[in-house]
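Written out below as structure tokens is the structure these notes cover.
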Amino acid sequence: MGTVVDAAPIKATNESLAEKKKPTVVFVLGGPGSGKGTQCSNIIENFGYTHLSAGDLLRAEIKSGSENGTMIQNMIKEGKIVPSEVTIKLLQRAMEESHNDKFLIDGFPRNEENRAAFEAVTGIEPSVVLFFDCHEKEMERRLLSRNEGRVDDNIETIRKRFRVFLESSIPVVEYYESKGKVRKIDAARPIEEVFESVKVVFTPKNEKAN
Ligand SMILES: Nc1ncnc2c1ncn2[C@@H]1O[C@H](COP(=O)(O)OP(=O)(O)OP(=O)(O)O)[C@@H](O)[C@H]1O
Ligand SMILES: Nc1ccn([C@H]2C[C@H](O)[C@@H](COP(=O)(O)O)O2)c(=O)n1
Ligand SMILES: [Mg+2]
């Protein structure tokens with residue numbers, strides 16, 4: 001007697017063959033205190049995105065007692081940028097756990113290493129890069145009155161964060177500008193006015209109010 005084989009035809013499901021659809025990613029960049037987190041909260045209420053703040057994920061990692069906690073805490077206190085490997089793992093995990101396919105990634109990529117590593121690891125390019133443009137005097141005022149107990153909201157660390165922003169993060173904005181992806185928002189205005197400009201970016205052209 002011949003071997004009994006399962007005669008069911010091998011069916012290729014859409015999921016197994018077709019490449020899994022890549023999520024839509026909007027990077028939200030801007031100096032420390034420019035209002036990234038504040039505007040992301042407004043955006044998610046209106047446009048169905050999940051908000052992932054790289055800084056919040058790193059702070060949660062410190063609290064979780066992770067083996068990387070002390071290193072992350074020291075880097076944040078010094079206003080330095082945590083190695084991409086650590087931050088990207090946290091972002092990937094949060095994306096998987098969210099079950100959404102539209103993400104606002106806030107405060108990332110912060111430098112060229114972040115940008116290139118994220119693209120290489122995930123294969124994802126942002127559809128748009130929101131850039132909140134605000135002068136230092138106003139950002140400093142906001143950070144010093146934020147009052148959330150952050151270890152980096154003191155004048156010494158704030159100055160270091162401003163320097164890292166200019167030296168490492170602005171080149172990332174310029175990279176995406178050269179690709180036509182940046183939507184620059186004047187973030188020095190009151191919150192509601194800034195959000196009026198943000199809404200335009202997320203509203204399809206044919207859905208704008210008449
Ligand atoms: N347009 C605005 N006008 C005045 N205050 C604002 C404005 N936007 C945000 N703020 C306030 O400024 C502080 C910093 O805002 P927020 O936390 O959103 O900035 P951020 O860009 O996420 O900063 P960080 O990079 O440090 O996380 C908060 O206390 C927030 O309430
Ligand atoms: N891509 C990132 C984002 C954040 N960090 C660290 C260093 C930042 O000063 C700090 C706070 O971030 P924020 O909440 O201001 O966006 O977190 C990083 O190393 N890499
Ligand atoms: Mg923030």
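In listed order, ligands and their atoms are each counted from 1. Since this is a predicted model, take the numbers as computed values, not measurements.
At a heavy-atom cutoff of 4.0 Å, ligand 2 is contacted by no atom of Met75, backbone or side chain. The proximity of Ile81 to ligand 2, defined as any non-hydrogen pair under 4.0 Å, involves the side chain as well as the backbone. Heavy atoms of Asp152 found under 4.0 angstrom from ligand 1: none, in either backbone or side chain. Under 4.0 angstrom from ligand 1, the non-hydrogen atoms of Arg161 all belong to its side chain. Residue-level proximity to ligand 2 for Ile76 is carried by the side chain, the only part with a heavy atom below 4.0 angstrom. At a 4.0 Å heavy-atom cut-off, ligand 1 touches Pro190 through the backbone alone. Counting heavy atoms under 4.0 Å from ligand 1, residue Glu148 does not touch it at all. Contacts between Arg150 and ligand 2 below 4.0 angstrom, taking non-hydrogen atoms only, involve the side chain exclusively.
Comparing Arg161, Lys36, Arg110 by heavy-atom distance to atom 16 (O) of ligand 2, the nearest is Arg110. Taking all heavy atoms of Arg189, Glu192, Gln39, Arg150 into account, the minimum distance to atom 27 (O) of ligand 1 is reached by Arg150. When the heavy atoms of Ile62, Val82, Leu90 are ranked by distance to atom 19 (O) of ligand 2, first place goes to Val82. The option with the heavy atom closest to atom 18 (C) of ligand 2, from among Asn111, Leu58, Asp153, is Leu58.
Using a 4.5 Å heavy-atom cutoff, the side chains of Phe162 and Met139 are in contact. Side-chain contact between Asp152 and Lys77 is absent, with no heavy atoms from C-beta onward closer than 4.5 Å. Two residues are said to be in side-chain contact when any heavy atoms from C-beta on lie closer than 4.5 Å; Glu196 and Val200 fail this criterion. Here the side chains of Ser127 and Val25 are not in contact, with every heavy-atom distance at 4.5 Å or above.
Taking only nitrogen or oxygen atoms, main chain and side chain alike, Arg141 does not reach within less than 3.5 Å of ligand 1. At a 3.5 angstrom cut-off on N or O pairs, Ser145 does not count as close to ligand 1. Taking only nitrogen or oxygen atoms, main chain and side chain alike, Lys36 reaches within less than 3.5 Å of ligand 1. Ligand 2 has no N or O atom lying under 3.5 Å from any N or O atom of Asp106, backbone or side chain. Residue Ser53 has no nitrogen or oxygen atom sitting less than 3.5 Å from a nitrogen or oxygen atom of ligand 2, judged on distance alone. Distances between N or O atoms of Thr87 and those of ligand 2 include no value under 3.5 Å. Here's the thing with Arg146: one of its N/O atoms is less than 3.5 angstrom from an N/O atom of ligand 1. Close N/O approach between Gly33 and ligand 1 is found [any backbone or side-chain N/O within under 3.5 Å]. In terms of polar-atom proximity, defined here as any N/O pair under 3.5 Å, Asp153 makes no such contact with ligand 1.
Atom OG1 in Thr50 sits 3.5 Å away from atom CG in Asn100 (nearest 0.5 Å). A distance of 12.0 Å separates NZ in Lys80 from CE in Met71, rounded to the nearest 0.5 Å. To the nearest 0.5 Å, atom OG of residue Ser169 and atom CD of residue Glu174 are 11.0 Å apart.
In the hydrophobic clustering of ILVMFWY residues, with side-chain heavy atoms under 4.5 Å counting as a link, Ile81 and Ile105 come out apart. Under the 4.5 Å side-chain heavy-atom criterion for Ile, Leu, Val, Met, Phe, Trp and Tyr, Leu143 and Met75 are members of distinct hydrophobic clusters.
Atoms of ligand 1 lying under 4.0 Å from at least one heavy atom of Ser34, given by number and element, are 21 (O). Using a 4.0 Å cut-off to heavy atoms of Gly31, the atoms of ligand 1 that qualify are 21 (O). Close approach of ligand 2 to Lys80 is summarised as follows: ligand atoms under 4.0 Å from at least one heavy atom of the residue are 7 (C), 19 (O). Atom numbering of ligand 2 starts at 1 in the shown order; those under 4.0 Å from a heavy atom of Gly107 are 1 (N), 2 (C), 3 (C). Residue Asn114 has at least one heavy-atom neighbour below 4.0 Å for each of these atoms of ligand 2: 1 (N). Proximity to Gly55 (heavy-atom distance under 4.0 Å) selects the following atoms of ligand 2: 12 (O), 14 (O). Within the listing of ligand 1, atoms 26 (O) sit less than 4.0 angstrom from a heavy atom of Leu143. Heavy-atom proximity to Arg59, at under 4.0 Å, picks out these atoms of ligand 2: 11 (C), 14 (O). Taking every heavy atom of Asp152 and a limit of under 4.0 angstrom, the matching atoms of ligand 2 come to 11 (C). Annotation for ligand 1: atoms under 4.0 Å from non-hydrogen atoms of Pro32 are 25 (O).
Annotation: atom 19 (O) of ligand 1 to nearest protein heavy atom, Gly35 N, 3.3 Å. Counting only heavy atoms of the protein, atom 11 (C) of ligand 1 lies nearest to Arg142 CD, 4.3 Å. The single protein non-hydrogen atom nearest to atom 22 (O) of ligand 1 is Gly37 N, 3.0 Å, given as residue, atom name and distance. Protein heavy atom at the shortest distance from atom 7 (C) of ligand 1 is Ile191 CG1, 3.4 Å. Protein heavy atom at the shortest distance from atom 15 (O) of ligand 1 is Thr38 OG1, 3.6 Å.
For Phe108 and Phe118, the gap between ring centers is short of 6.0 Å.
Residue Lys184 places its NZ atom among 12 or fewer non-hydrogen atoms of other residues, nucleotides or ligands, all under 6.0 Å distant.
Side chain to side chain, Arg189 and Ser197 meet the donor-acceptor criterion of an N or O pair below 3.5 Å.
Val172 and Pro109 make their closest contact through CG1-CG, 3.7 Å (heavy atoms, listed as atom of the first residue, atom of the second, distance). Residues Leu52 and Ala94 approach most closely at CD2-CB, 3.7 Å, considering heavy atoms.
A cation-pi geometry, defined here as NZ or CZ lying under 6.0 Å from the six-membered ring centre and within 45° of its normal, does not hold between Arg183 and Phe131.
Checked by atom type and distance alone, the side chain of Ser84 pairs as donor or acceptor with a backbone atom of Asn114 at under 3.5 Å. Put simply, the side chain of Thr157 never gets that close to the backbone of Asp153: no donor and acceptor are under 3.5 Å apart.
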**OP:** Apply the test salt bridge (Lys or Arg N to Asp or Glu O under 4.0 Å) to residues Arg93 and Glu96: give CA-CA distance (whole Å), side-chain angles for both, the deciding distance (0.1 Å), then the verdict.
**Re:** CA-CA 5 Å; Arg93 190 169 69 197; Glu96 276 160 26; over 6 Å; no
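Taking the charged nitrogens against the carboxylate oxygens, Glu125 and Lys179 do have a contact shorter than 4.0 Å, which makes a salt bridge. Ion pairing between Glu138 and Arg141 holds under the 4.0 Å rule for side-chain N and carboxylate O.
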